[in-house]
Amino acid sequence: MRASEGRPDMGGNGQGSSPAHREGAEPPLTEGLSGTAAYTDPWYDALASGWGEAAAGGSGLPGAPVPAARREREGGAPDTAGIYLAVQRSEAFREVRGSYRRFVVPAVIGFLAWYVAYVVLATAAPGLMARPVVGAVNVAMVAGLGQFLTTFLLTWAYARHARLRRDRAALELRWDTQEMTRGVRGGAL
């Protein structure tokens with residue numbers, strides 16, 4: 001049985017979580033954070049989960065995170081939260097959100113009304129829905145296929161509206177925000 005290099009026991013047969021461990025094959029060795037050789041497990045990313053980081057004095061347990069706002073106040077640098085609040089209050093942000101709402105709210109209301117009308121007609125007026133249109137195709141089948149067609153048309157209209165009216169302004173706003181936060185962080189990402 002092999003040491004887990006600071007990783008938590010994931011249960012099972014006690015040999016790790018990857019199929020290679022269960023089959024008895026040795027996982028490849030890589031150089032760890034402290035310069036020592038460590039086993040790598042492709043099915044478990046220790047750093048992404050917070051285990052095995054050096055913040056806890058090498059114990060393998062995650063250290064207590066310092067809130068970003070407190071970290072920045074202690075260092076004397078302005079915090080990024082202020083930048084995001086300023087962007088949220090800006091006219092450009094309000095215009096992007098307004099454009100989004102002016103399209104989405106009526107589209108959702110219209111689509112839900114169309115869907116509820118279909119369900120209500122199917123339950124309240126079965127005679128109308130059973131009326132043949134062409135051969136064995138009746139009003140209910142045409143309306144049901146209309147639901148699918150409406151979904152695809154609404155998706156296309158939303159993507160077109162976003163591309164023509166919002167995407168450029170949203171990307172410019174995002175770029176400006178990243179530039180401002182990059183300046184706060186001292187050029188680091």
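Quick caveat: nothing in here was measured; it's all calculated off a predicted structure. Throughout, numbering of the chain's residues begins at 1 and tracks the sequence.
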Report all side-chain donor-acceptor pairs from residues 162-175 shorter than 3.5 Å, counting only partners two or more places apart or in another chain.
{"from": "R166", "atom 1": "NH1", "to": "H161", "atom 2": "ND1", "distance (Å)": "2.8"}
{"from": "R166", "atom 1": "NH2", "to": "Y158", "atom 2": "OH", "distance (Å)": "3.2"}

Identify all side-chain donor-acceptor contacts of residues 113-136 below 3.5 Å with residues at least two apart in sequence or on another chain.
{"from": "W114", "atom 1": "NE1", "to": "T150", "atom 2": "OG1", "distance (Å)": "3.1"}
{"from": "T123", "atom 1": "OG1", "to": "V119", "atom 2": "O", "distance (Å)": "3.1"}
{"from": "T123", "atom 1": "OG1", "to": "V120", "atom 2": "O", "distance (Å)": "3.2"}

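Annotation for Y100: atom OH does not count as buried by contact number, only 12 or fewer foreign heavy atoms lying within 6.0 Å.
Hydrophobic side-chain contacts under 4.5 Å tie L149 into a cluster, directly or through other members, with L153. Other members of the hydrophobic cluster containing I109, listed by chain and number, are V105; membership follows side-chain contacts under 4.5 Å among ILVMFWY residues, whether direct or relayed.
When hydrophobic clusters are built by joining Ile, Leu, Val, Met, Phe, Trp and Tyr residues whose side-chain heavy atoms come closer than 4.5 Å, directly or via intermediates, L145 is not grouped with V142.
Within the structure, no pair that satisfies the salt bridge (Lys or Arg N to Asp or Glu O under 4.0 Å) test touches residues 133-154, not counting sequence neighbours. Every pair tested for salt bridge (Lys or Arg N to Asp or Glu O under 4.0 Å) that includes a residue from residues 140-153 fails, sequence neighbours excluded, so the list is empty. Among pairs with a residue in residues 90-116, those fulfilling salt bridge (Lys or Arg N to Asp or Glu O under 4.0 Å) read E91-R94, E95-R102, at least two apart in sequence or across chains.
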